[in-house]
Participant: 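This structure is in structure tokens; I'll ask about it shortly.
Hydrogens, waters and symmetry mates are skipped; everything else that's a heavy atom, side chains included, is used. Just so it is clear, the structure is predicted and the values come from calculations on it, not from any experiment. The chains referred to below are lettered A, B, ... by the order of the sequence lines, with proteins before strands, and numbering in each begins at 1.
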Amino acid sequence: MLDLHGYGGSILSGAVITIEVALLSLIISMILGIATALAKLSKSTIAHGIAIVYTTVIRGIPDLVLMLLIFFGGQMLVNELAYMVGYEGYIDINPFVAGVLTIGFIFGAYMAETFRGAILSVDGGQLEAGRAYGMTGLQVFRRILFPQMMRHALPGFGNNWLVLLKTTALVSIIGLEDMVRVASLASGSTQKPFTFYLVVSVIFLVFTSISVGYLQWLERRYSASVRREA
Amino acid sequence: MDFSIIFDNFDLYLQGAWTTIQLVFLALIIGLIIALPLAILRNHKNPLVWGPIWVYTFFFRGTPLLVQVFLVYYGFGQFEALRESFLWPFFKEAYWCALLAFTLNTAAYTTEIFRGAIANTPLGEIEAAKAYGMSRWLQIRRIILPSALRRALPAYSNEVVFMLHGSAIAGIITIVDLTGVARIINSKYYSPFEAFIAAGLFYMAITFTIVFVFRKLEQRYHAHLRPRS
């Protein structure tokens with residue numbers, strides 16, 4: 001059988017970190033994505049402008065470059081700010097925080113496009129009706145807009161999630177001990193890089209397969225109201 | 001911020017940009033050549049034909065490009081037989097390893113894009129081709145591919161941009177592409193903002209050029225779909 005030289009446990013805990021990074025950045029990207037989508041559709045020129053710049057810049061630059069910029073640049077910025085307010089010590093940016101924030105920030109831009117299309121597909125008259133009933137903006141969002149836009153957002157959302165899951169591998173480069181990093185360390189000491197990277201690949205395949213299955217189930221659920229032939 | 005560092009090292013950035021463009025272009029061209037027959041065979045009825053192709057695309061679309069690059073660059077050295085074969089000088093070089101991994105990756109995505117486009121060919125067109133007595137090969141060449149490749153254009157333009165962005169990984173395995181240059185400049189001058197923002201601007205310029213070219217291509221090849229004014 002497969003001999004992992006006692007690294008099986010640390011790879012599994014690395015896999016847990018991969019999932020944690022992925023889920024936390026997913027939450028951040030969804031919040032940013034919905035906010036940006038609403039900003040893009042709003043009448044305010046400033047909000048609209050900021051949203052356009054944000055999505056354009058993010059989609060023009062590789063995620064790895066953004067991650068290195070935020071990790072190394074953020075490190076410098078934080079320390080300079082701390083120095084200005086009189087702090088003498090050195091602050092290390094936590095790679096977990098840097099990774100989650102960067103991936104969330106990047107995928108917020110992709111989510112924004114998905115959500116924008118989804119919001120546009122909800123009948124405007126229903127939103128007006130909600131407001132006519134005296135609902136607050138948040139209530140209209142929660143009761144009318146969100147449940148209906150999810151059906152249209154799901155396919156794009158699912159794609160973004162699958163890409164995001166794979167992007168988490170990049171956090172290994174800034175030193176976070178996710179499963180890719182554990183595999184690197186393990187292959188360094190055992191001289192078996194192919195074995196370890198293959199194990200990590202298989203774990204990723206399991207994650208993506210589970211995601212695809214779950215997304216298909218969700219899509220069926222949210223389309224329950226849509227009548228289909230045969 | 002002091003962007004004079006960038007102007008002093010502008011040549012280095014240009015070289016890095018050239019390496020990036022070269023890598024991406026080669027990977028895309030070879031990937032396209034591999035993907036076309038695979039996409040056609042992927043729609044075959046026999047599971048022995050489409051099965052292996054499905055496994056191939058499943059693996060390369062389900063795992064991170066970074067891990068694929070590591071598998072080739074670090075992983076292949078694990079095999080004694082390969083280390084002693086005539087192929088080793090090739091797999092020892094980071095450049096060729098990156099090119100191999102990028103090519104296999106983009107070929108897998110492109111295969112699935114084309115497969116979808118081919119499967120969506122209107123049945124009437126194929127029936128008409130059959131009625132004209134065209135052979136299967138002639139149908140593919142004259143009817144299926146011309147319309148499928150047109151339909152695949154928007155998705156393929158996304159794939160090209162993804163490949164460009166994914167190629168930044170080359171900078172991690174010692175290749176001096178745009179990201180590699182930025183990493184060198186950052187460690188030499190300790191100036192992460194200038195180094196990575198400059199690289200980002202180069203990537204943006206390349207990205208928007210790609211988007212522009214594909215928009216022109218779409219205007220040309222989707223001319224029959226435009227509403228007549």
Participant: Taking atom OH of B:Tyr203 and atom CG of A:Leu66, what is their separation to the nearest 0.5 Å?
Facilitator: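 Between B:Tyr203 OH and A:Leu66 CG, I get 11.0 Å after rounding to 0.5 Å.
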Participant: If I measure from the heavy atoms of chain A, does B:Phe193 come under 4.5 Å with its side chain, its backbone, both, or neither?
Facilitator: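 For B:Phe193, heavy atoms of backbone and side chain both lie under 4.5 Å from chain A.
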Participant: Among B:Phe76, B:Phe58, B:Phe208, B:Phe202, which has the most heavy-atom pairs under 4.5 Å with chain A?
Facilitator: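 Looking at each option in turn, the highest pair count goes to B:Phe58.
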Participant: Got B:Leu71 and A:Ser201 here, is their nearest side-chain heavy-atom distance under 4.5 Å?
Facilitator: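 Side chain of B:Leu71 against side chain of A:Ser201, heavy atoms only: contact under 4.5 Å found.
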Participant: Does any non-hydrogen side-chain atom of B:Phe70 lie less than 4.5 Å from one of A:Pro193?
Facilitator: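 No. Closest side-chain heavy atoms not under 4.5 Å.
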Participant: Within the distance-only criterion (no hydrogens, no angle test), does the side chain of B:Gln78 pair as donor or acceptor with the backbone N or O of A:Gln191 below 3.5 angstrom?
Facilitator: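 Not confirmed, B:Gln78 side chain does not pair with A:Gln191 backbone.
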Participant: Heavy-atom distance under 4.5 Å to chain A: side chain of B:Thr63, backbone, both or neither?
Facilitator: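 Interface part for B:Thr63: both.
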Participant: Side chain, backbone, both or neither: which part of B:Ile210 has an atom under 4.5 Å from a heavy atom of chain A?
Facilitator: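 When you check distances to chain A, no heavy atom of B:Ile210 falls under 4.5 Å.
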Participant: Would you say CZ of B:Arg215 has more than 12 non-hydrogen atoms from neighbouring residues, nucleotides or ligands within 6.0 angstrom?
Facilitator: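 Incorrect, the count does not exceed 12.
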Participant: Sort A:Ile173 into side chain, backbone, both or neither according to what part of it lies under 4.5 angstrom from a heavy atom of chain B.
Facilitator: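 Just the side chain, heavy atoms under 4.5 Å.
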Participant: Quick one: does B:Gln68's side chain get under 4.5 Å of A:Tyr197's, heavy atoms only?
Facilitator: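 No, their side chains stay 4.5 Å or more apart.
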Participant: When heavy-atom pairs shorter than 4.5 Å are enumerated against chain A, which of B:Ala168, B:Ala205, B:Ser167, B:Gly166 gives the highest number?
Facilitator: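 Looking at each option in turn, the highest pair count goes to B:Ala168.
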Participant: Report which part of A:Ser187 has an atom under 4.5 Å of a heavy atom belonging to chain B: side chain, backbone, both, or neither.
Facilitator: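 Neither part; nothing is under 4.5 Å.
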Participant: Pick from A:Phe204, A:Phe72, A:Phe194: which one has the most heavy-atom pairs with chain B under 4.5 Å?
Facilitator: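 Going by pairs under 4.5 Å, I would pick A:Phe194.
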Participant: Examine whether an atom of B:Ala182 lies under 4.5 Å from a heavy atom of chain A, and if so say whether it belongs to the side chain, the backbone or both; otherwise answer neither.
Facilitator: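 For B:Ala182, there is no contact with chain A at all, as no heavy atom is under 4.5 Å.
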Participant: Does any backbone or side-chain atom of A:Leu64 lie under 4.5 Å from a heavy atom of chain B? Answer side chain, backbone, both or neither.
Facilitator: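 Answer is side chain: those atoms of A:Leu64 sit under 4.5 Å from chain B.
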Participant: Stepwise, does the side chain to side chain contact (heavy atoms under 4.5 Å, CB included) test hold for A:Lys166 with B:Leu65?
Facilitator: CA-CA 8 Å; A:Lys166 285 177 275 169; B:Leu65 179 59; over 6 Å; no
Participant: Do any of residues 52-61 of chain A come closer than 4.5 Å to chain B, heavy atom to heavy atom, and if so which ones, in number order?
Facilitator: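 Result: A:Thr56, A:Val57, A:Arg59, A:Gly60, A:Ile61.
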Participant: So, do B:Leu66 and A:Thr167 sit near enough that their side-chain heavy atoms are less than 4.5 Å apart?
Facilitator: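 Sidechains of A:Thr167 and B:Leu66: no contact.
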Participant: Does the A:Lys192 side chain pair with the main chain of B:Gly75, one donor and one acceptor, at a distance under 3.5 Å?
Facilitator: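 No, the answer is negative, given that no donor and acceptor are paired below the 3.5 Å cut-off.
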Participant: Of the backbone (N, CA, C, O) and the side chain (C-beta and beyond), which part of B:Phe79 lies under 4.5 Å from a heavy atom of chain A, both, or neither?
Facilitator: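 It is the side chain, since no backbone atom gets that close.
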Participant: Counting only heavy atoms closer than 4.5 Å, note whether A:Ser184 contacts chain B via side chain, backbone, both or neither.
Facilitator: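 Looking at A:Ser184, just its side chain touches chain B.
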Participant: Can you tell which part of A:Ser209 gets under 4.5 Å to a heavy atom of chain B, answering side chain, backbone, both or neither?
Facilitator: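 Side chain only.
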